[in-house]
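Residue numbers start from 1 in every chain, and the chains themselves are labelled A, B, ... in the order their sequence lines are given, proteins ahead of strands. Quick caveat: nothing in here was measured; it's all calculated off a predicted structure.
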Number of protein chains: 2
Amino acid sequence: MATNNPVIQLFDNPTQRKDPVACDSCSLYSLCLPLGLNNHDLQKLDQIIDREQRYQRNDRLFRADTPFTALFVVRSGTFKTTVAASNGREQITGFYFPGEFIGLDAIYTENYQSTATALETSTLCALPFTRLQTLGADIPQLQINMLRRSSKELASDKNLMILLSKNNADARLATFLLSLSARFQERGFSTTRFRLSMPRKDIANHLGLAVETISRLFARFQQQGLIDVAGKSITLVDLPNLQARCEH
Amino acid sequence: MATNNPVIQLFDNPTQRKDPVACDSCSLYSLCLPLGLNNHDLQKLDQIIDREQRYQRNDRLFRADTPFTALFVVRSGTFKTTVAASNGREQITGFYFPGEFIGLDAIYTENYQSTATALETSTLCALPFTRLQTLGADIPQLQINMLRRSSKELASDKNLMILLSKNNADARLATFLLSLSARFQERGFSTTRFRLSMPRKDIANHLGLAVETISRLFARFQQQGLIDVAGKSITLVDLPNLQARCEH
DNA sequence: GATTTATGTTGACCCAGATCAAGGCAAATT
DNA sequence: AATTTGCCTTGATCTGGGTCAACATAAATC
């Protein structure tokens, strides 16, 4: 079975609450909206940001079909967005880690298109959208950054589409694990050992598979020496072979 | 079998080539980028647009992983975008009709993320992106429109994700047909009778199904009185029941 | 209008992954 | 430390849609 060594702590310890820092000293600066802004513009942006957003596990950030008021950037923790499919069931359209934007798909419709829920104790910055647009009229770079963000999510959604329509269960899970790994790397964390902040059923839902299938896959991947799982802790043991599994 | 009456001609007759009109007299104005711009700004936008883009069936507009130079807006005809999945096979990530934007997901990466191909004789406007960005710095409304466009595509991609991961073959085809119907309505065409400008195998690919399945579904939907197909012409006979099929 | 060539249809068979069922385990609550 | 509750695992069975094969029809080319 998997070893039970301590796993690198990915996110802020929720019990040690500290004052949220301004953008210029935020560790997520390079992943976030202020990138490339001069000091003067950054200060103006700083002033409209609400940094006091704090959510507990299962708290809702917003519900689908309610008015779009703000974009959110995760500071710590994890969120998921879900859409109620026509048949009543839910589809998890994305997981969001520190530095990632939630709500971009609501700009067009002016209503949130999904429901956002915290998976654990999490914090985020709220960017009131009308004020952001007013500011954007004076700061072209800000608009560019938003468009780039939106474009990035568009590109990664297309990848997920392919995953869901063309790949089998093995490939879906392997791709999912490597996508987490890559995103953790962007944030300066270990690429091979991390904590799965979402339950199995959420992984299953997101990948369009049954929970049982995820469970069996974890077991098989482990048996084949690709990974080492113990509950929520996971170690990617054989990255090259995991990469190979992403195909087909 | 299906009747063989003439079907409403959806797009410009490619043999009757006419001079492309400026934005202010373009029939797609309200679906396109200039919406809400004043005359002065519109003229500036007008000047950077290349309206001479013309493609034949199977012509490539751009290839994946080549430098992103311009956004495109379809004027007439249909395009598809494809991504080569890791296993060599291709996934059609979208079909594009008049007034729709191609290339938005390339803004972030600065490379096209997909290959765009004409499905029939088609024309489009090219918007050189660096000039568009320069212009955007002076015309905030332009940036807003682009962001809104991008947001719209994001929202519709999320819907496709749900379709692919949660719905069975019936629901996928029904949803696809109704999505075409809705888009034709936006453009002032019939919601119930139109031409399928893409071959069966492209529909199958896009919906993550086998061609044979599409063929069988068309036959069954027809037998059940939902639709009336004859080759590329289709009539949606029973919209309410087609709607009902979108579930599950 | 005859011949390729691409596209679409239909039938027979099979398998990956869903569903059903039952039990194990761990975290929270008492 | 016992109980509840939610989460995870494993086994047995079933099925929707894929795959293979053969043919039909339409469109392009000669």
Q: Rounded to the nearest angstrom, tell me the gap between atom NZ in A:K201 and atom C1' in C:dA18.
A: 18 Å
**Q.** Verdict with supporting geometry, B:T81 and B:T93, side chain to side chain donor-acceptor pair (under 3.5 Å)
**A.** CA-CA 6 Å; B:T81 51; B:T93 50; 2.9 Å; yes
**Q.** Qualifying residue for side-chain hydrogen bond (donor to acceptor under 3.5 Å, both in side chains) with A:K80, from A:T115, A:D202, A:T117
**A.** A:D202
Q) Atom CD1 of A:I214 and atom C1' of D:dT10: how far apart are they, to the nearest Å? A) 15 Å
Q) In whole angstroms, how far is the C1' atom of C:dT7 from the CG atom of B:L119? A) 14 Å
Q.
Measure CG/A:L173 against P/C:dA16 and give the value in whole Å, please.
A. 17 Å
Q) What integer distance in Å separates A:F218:CZ from D:dC8:P? A) 9 Å
**Q.** B:E120 bridged to B:K232 by N-O distance under 4.0 Å
**A.** no
Q: Applying side chain to side chain donor-acceptor pair (under 3.5 Å), run through A:R193 and A:T235 and close with a yes or a no.
A: CA-CA 4 Å; A:R193 302 196 73 204; A:T235 307; 3.2 Å; yes
Q: Could you check whether the rings of A:F62 and A:Y112 sit parallel, tilted or perpendicular, using 30° and 60° as the cut-offs?
A: parallel
Q: With the side chain of B:S215 defined as its heavy atoms from C-beta on, choose the nearest nucleotide among C:dT9, D:dT9, D:dT10.
A: C:dT9
Q.
Within the 3.5 Å criterion, strictly below it, is a donor on A:Q185 or A:S181 matched to an acceptor on the partner's side chain?
A. no
Q) Can you check the B:M198 CE to C:dG8 C1' distance for me, whole Å? A) 16 Å
Q) When the distance from CD1 of A:I234 to C1' of D:dC8 is rounded to whole Å, what number comes out? A) 14 Å
Q | Protein-nucleotide distance (B:N58, atom CG; C:dA6, atom C1'), rounded to Å | A | 11 Å
**Q.** Contact pattern, 5' to 3', of nucleotides 13-30 of chain D - B, S or - by protein heavy atom under 4.0 Å
**A.** ----SSBBB---------
